[in-house]
Structure formats: structure tokens, C-alpha cells
Amino acid sequence: MNTDVNANTNARDQQLAVCHLCHKLNHHTDHDIPKDYKSICSRCGQEVDYLKKYSLQKTWAYLIAGFILLIPANLFPITSVTELGDKDADTIYSGIVRLIDHQFYFIATLIFIASIIVPVFKITSMIYLLMAVHFQWLKGKRQRLFLFRFVEFIGRWSMLDIFVMAVLLAMVNMGNIALVEAEIGVTFFAAVVILTMLAAESFDSRLIWQDEKSAEVTGK
Amino acid sequence: MVSICNQFAAFYQGWFHINSSDTHTSNPGASTTSILPISDSSSDSPVQHIDSQLVACHQCDLLLKKSAIPQGGVAKCPRCASSLYHNKKDSLNRALALALTGLVFFVPANTLPILSMSMIGREQEGIILSGALQLAKTGFVGVGALVFLFAIMIPAIQLFLIVVVLLCIKLNAGLSVAINLFKLQVKLRPWSMVEIYLLGTLLTCLKLMDDAEVTFGSGFYALVGLLLMSLLSAISLDTSQVWRKLDRNLYD
Ligand SMILES: [Zn+2]
Ligand SMILES: [Zn+2]
């Protein structure tokens with residue numbers, strides 16, 4: 001039954017726009033509207049359009065900003081440990097290596113996934129999704145939507161390292177004997193997590209399903 | 001197990017009569033009217049009319065005819081498999097009760113220690129706020145605020161918003177305020193990270209166990225309670241039903 005899927009009607013073909021917040025169907029037209037007119041959802045008042053406004057531009061902007069900040073986030077130390085007067089600073093990567101040295105394999109694996117694999121995977125997947133929209137790749141739309149949902153789901157888990165640090169900071173706070181402190185890298189890393197989450201949020205999944213006809217109307 | 005899955009699949013497909021059948025036969029213009037008889041409806045407002053008959057997938061924009069689903073069921077998009085709407089049993093009462101229970105955990109989760117540790121004869125206890133404050137004290141005000149917001153404040157605010165919105169619906173009062181509050185609730189959803197904070201606490205505990213004696217404090221269990229209640233209330237909350245109840249254009 002899924003074979004005639006391609007022949008299905010999209011809401012925008014009927015001049016209907018679904019509200020991305022409350023999912024209500026609203027009437028919408030492309031033409032005959034004044035320049036600064038905003039069409040809003042009749043139920044929740046959110047702005048409605050066939051696609052989120054400036055979705056591609058915003059997603060690219062957040063993504064590029066996130067990608068740039070990923071560099072200082074990995075180069076600068078994120079934590080430092082002072083033990084009996086000796087201060088040791090660690091970047092994300094060296095922190096994982098230190099965990100492995102101390103045989104904390106389980107923790108090291110989770111932090112590696114959350115802090116390194118997830119951000120990199122997320123940024124590359126989003127770039128792939130955006131490319132697919134720009135070049136109007138027709139195959140694999142369904143897989144791309146699943147990829148997008150997966151990216152949306154895993155993005156938050158990058159905060160794990162920051163939470164571990166926040167708890168450590170509260171616990172290991174004994175002056176010169178043992179003290180854990182945050183370092184500048186943590187700000188960059190937090191910014192990367194937030195920016196990539198915003199990128200996923202501003203991407204409109206309907207772009208994946210947009211066919212050539214409607215792509216022409218939007219001019220993308 | 002497989003046969004049950006197949007039965008379900010057949011069931012779901014039966015609920016959606018894909019519009020393409022009319023589009024194929026005649027010219028597109030004529031089929032438009034058969035799908036959307038908006039022009040004939042003079043008595044009802046057109047908005048109400050569309051919304052009670054049609055639904056569009058918010059993930060892929062596929063337009064479908066609405067059909068009734070049994071209690072506990074879910075309508076899925078045949079094209080991209082995202083869920084369109086549910087029919088949850090006693091949704092509003094259950095979600096309200098669970099959200100209220102969750103809020104009870106808010107104060108102990110904030111005031112009681114998450115972890116306590118004894119090391120070289122010293123006792124140390126940490127609450128959520130102390131980690132955030134420690135970050136702020138060393139110059140990381142933004143990160144400290146984020147930790148406090150994501151770990152406890154946003155989850156708690158969400159529970160509070162569910163309680164207020166559902167009470168407004170029950171009392172049939174302040175619905176226009178409730179719409180804005182529910183919008184905020186929906187917008188905050190990705191930013192609630194209790195489960196990640198709890199995993200972070202668990203990892204910290206494992207890490208510290210080598211050098212010190214670490215135990216989970218009562219605050220940890222209160223936070224687990226808050227997490228469970230928000231998960232359960234999110235599962236039992238029928239979002240589309242709440243929106244329908246809040247809609248000024250419908251009277252159901
Ligand atoms: Zn809306
Ligand atoms: Zn869909």
C-alpha cells in the first residue's frame with residue numbers, strides 16, 4: 001500500500017499550512033498578501049507558513065556557528081583538577097584518555113560518545129540533510145527524515161559531560177587538597193550543544209519532502 | 001509477535017484513505033473540491049470544517065482524511081511513520097495527577113543532597129544548585145545557569161505548566177492564557193534534561209567511588225521521582241486533545 005505514496009497530496013497543494021507548534025491546519029496563500037503581513041495560526045497565534053520562515057538560512061547559520069565553536073571547545077581545556085597543590089588541566093579528549101588510564105572504561109565510552117561522536121555526527125548529518133534539500137535529491141527521503149529525528153533525539157545528550165563536571169565541582173571542593181574547576185573550553189562546548197540543538201529545531205522536516213514543484217514556489 | 005505487528009499495520013492502513021485515488025481519475029481541479037468541500041460549507045466556519053475532517057502530517061506535510069481510532073491507539077502517517085494523533089485513555093486526568101505528583105518532588109530534589117561523600121575524614125554533600133553556583137563563582141555564570149535550568153528548572157516549569165493548563169481546561173476558565181502557557185510547554189520540551197543530569201550524577205558517583213565512599217542522597221531519589229512523573233505525564237498527555245480543547249473554533 002505504500003507504493004502509491006508519491007502520488008499523495010501535500011497540504012500545501014491544497015493551500016493549507018500545518019502549524020508547526022500545535023499542528024492545526026490553516027488556510028494559506030502564496031500570493032496577494034501585503035509584504036509585512038504575517039499569517040498566524042487561528043488556534044495558537046504562532047506564525048504559519050508552508051515552511052518555517054528562513055528555515056534553511058537559520059539552520060545553516062546555527063550549524064556554521066556551532067561548527068566553528070567546536071574547534072575551541074576541543075582545543076581549550078574544559079576542566080582542571082588540583083590535587084595537593086598540583087594543577088592539571090584537561091581538554092575533552094585528554095579527559096577521556098585520562099579516564100581510560102584510570103580504567104574507567106564505561107565512563108570513558110559514554111563521554112566519548114556524548115562529547116565527540118554526537119556533535120560530529122550531528123553536524124555532518126545536518127549538512128547532509130541541508131545538501132539534500134539544496135540539490136533536491138529525490139531518493140531516500142524517508143531515511144533522511146528518520147536521520148533527522150535521530151539527530152533531534154541525540155543532540156541533548158551532549159550535555160552529559162557538562163553535567164558530570166557540575167556534579168564533580170560540587171563534590172570535590174576541598175581547597176588545596178582536592179579541587180575541580182571549570183575552564184574556558186566548557187563555555188565553547190555548551191555553546192556548541194545549544195547551537196546544534198537550535199539548528200535541528202530551525203530545520204523544517206517538510207523541506208525533506210518538498211517536491212520540485214513546491215521548491216520552485218519557495219525559490220529554493 | 002510478527003502476526004500481531006502485521007495486524008496492526010493493516011489496521012493503521014485501513015484508517016487512512018489515501019487521497020491519490022481521486023487525484024488519478026479526474027483532473028486535479030475537480031479532485032480538489034472532492035477532497036476539500038470548503039466552498040459548500042456556509043454555516044460552519046471553514047477553519048473548523050477542515051480541521052475536523054483533515055489532518056496534515058507535521059513532519060512531511062502529507063494531507064490525510066481524519067478517522068476515528070480506538071482507545072489507546074495511535075494514527076501514524078503512512079508516508080513517514082510519524083504519529084499524527086493519539087486517543088489516550090482518560091488523558092487529561094492522568095496527566096494532571098502525574099504532573100502534580102511530580103511537582104511534589106521539586107523541593108526535596110532541590111534542597112536535599114544529590115550525592116554525599118566522605119574522603120580523608122571529610123564529609124561533603126552536593127545539591128544541584130551548589131554545582132551551578134560553583135560554576136558561576138569561578139566565572140562561568142552562563143554555563144551554571146544552563147545546568148540549573150536544564151537539570152531541574154525547565155522540567156519543573158513544564159510540570160507546572162501542564163497542571164495550570166489542564167486546570168484551566170477543567171474549570172473552563174482563562175483559556176486564552178492557557179493557550180500561551182501550553183505553547184511555552186511545547187517549546188520547552190527539547191530543553192528538559194533531567195535524565196541526562198541523572199546519568200551524569202551516576203557517572204560522577206562511579207568516578208569518585210575509587211577514592212572515596214560515595215552514596216546517593218535523598219535528593220537523587222527525589223530527582224528520579226520527578227523524572228518518572230514527568231515521563232509518565234508526558235506519555236499520558238494527549239497533546240492533540242489538549243489543543244482541541246483549547247481551540248476557540250471548536251466546541252467539543
Ligand atoms: Zn498553531
Ligand atoms: Zn508524514
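Below, chains carry the letters A, B, ... as their sequence lines are ordered, and counting in each starts from 1. Bear in mind that the values here come from a model prediction, so they are computed numbers and not experimental data. Below, each value reflects all heavy atoms present in this structure, side chains not excepted, and no hydrogens, waters or symmetry copies.
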Do you know the tightest heavy-atom contact between [X] and [Y]?
X	Y	answer
B:K207	A:I107	N-CD1, 3.8 Å
B:L62	A:T9	CD1-O, 3.5 Å
A:A166	B:L135	CB-CD1, 4.2 Å
B:F150	A:F163	CB-CZ, 3.8 Å
B:C80	A:W209	CB-CZ2, 3.7 Å
B:K187	A:L21	CG-CD1, 3.8 Å

In Å and rounded to the nearest 0.5 Å, what is the [atom1] to [atom2] distance from [X] to [Y]?
X	Y	atom1	atom2	result
A:N10	B:L63	CG	CG	8.5 Å
B:T204	A:L169	OG1	CG	10.5 Å
B:C60	A:L207	SG	CG	12.5 Å
A:M159	B:L146	CE	CG	5.5 Å
B:W243	A:R43	CH2	CZ	7.0 Å
A:R149	B:S82	CZ	OG	4.5 Å

In the structure I gave you, are the side-chain heavy atoms of B:F182 and A:C44 within less than 4.5 Å of one another anywhere?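 When only atoms from C-beta onward are counted, A:C44 and B:F182 do not touch, as no gap falls below 4.5 Å.
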
Practice problem: Could you check if a side-chain atom of B:L206 sits within less than 4.5 angstrom of a side-chain atom of A:F104, using non-hydrogen atoms only? | Solution: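 Sidechains of A:F104 and B:L206: no contact.
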
What part of [X] lies closer than 4.5 angstrom to a heavy atom of chain B: side chain, backbone, both or neither?
X	answer
A:F106	side chain
A:N173	both
A:E201	side chain
A:F153	neither
A:I194	both
A:L145	side chain

What residue, out of [options], has the most heavy-atom pairs lying under 4.5 Å from chain B?
options	result
A:V18, A:L160, A:I111	A:L160
A:H102, A:M165, A:E183	A:E183
A:M197, A:E181, A:E152, A:H20	A:M197
A:C19, A:A191, A:A170	A:A170

At a 4.5 Å cut-off on heavy atoms, which part of [X] comes close to chain A: side chain, backbone, both, or neither?
X	answer
B:C57	backbone
B:V143	side chain
B:Y197	both
B:S130	both
B:D210	side chain
B:A81	both
B:L208	side chain

What residue in B:I179, B:I114, B:L203, B:I128 has the most heavy-atom pairs under 4.5 Å with chain A?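 Of the candidates given, the most pairs with chain A belong to B:L203.
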
Scored by heavy-atom pairs under 4.5 Å with chain A, the best of B:T201, B:L199, B:V186 is B:L199

For the side chain of A:R156 and the backbone of B:P190, is there at least one donor-acceptor N/O pair under 3.5 Å apart?
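Judged by distance alone, yes, a pair lies under 3.5 Å.
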
Practice problem: Look at atom CD of B:E195 and say whether more than 12 heavy atoms of other residues, nucleotides or ligands are closer to it than 6.0 Å. | Solution: yes

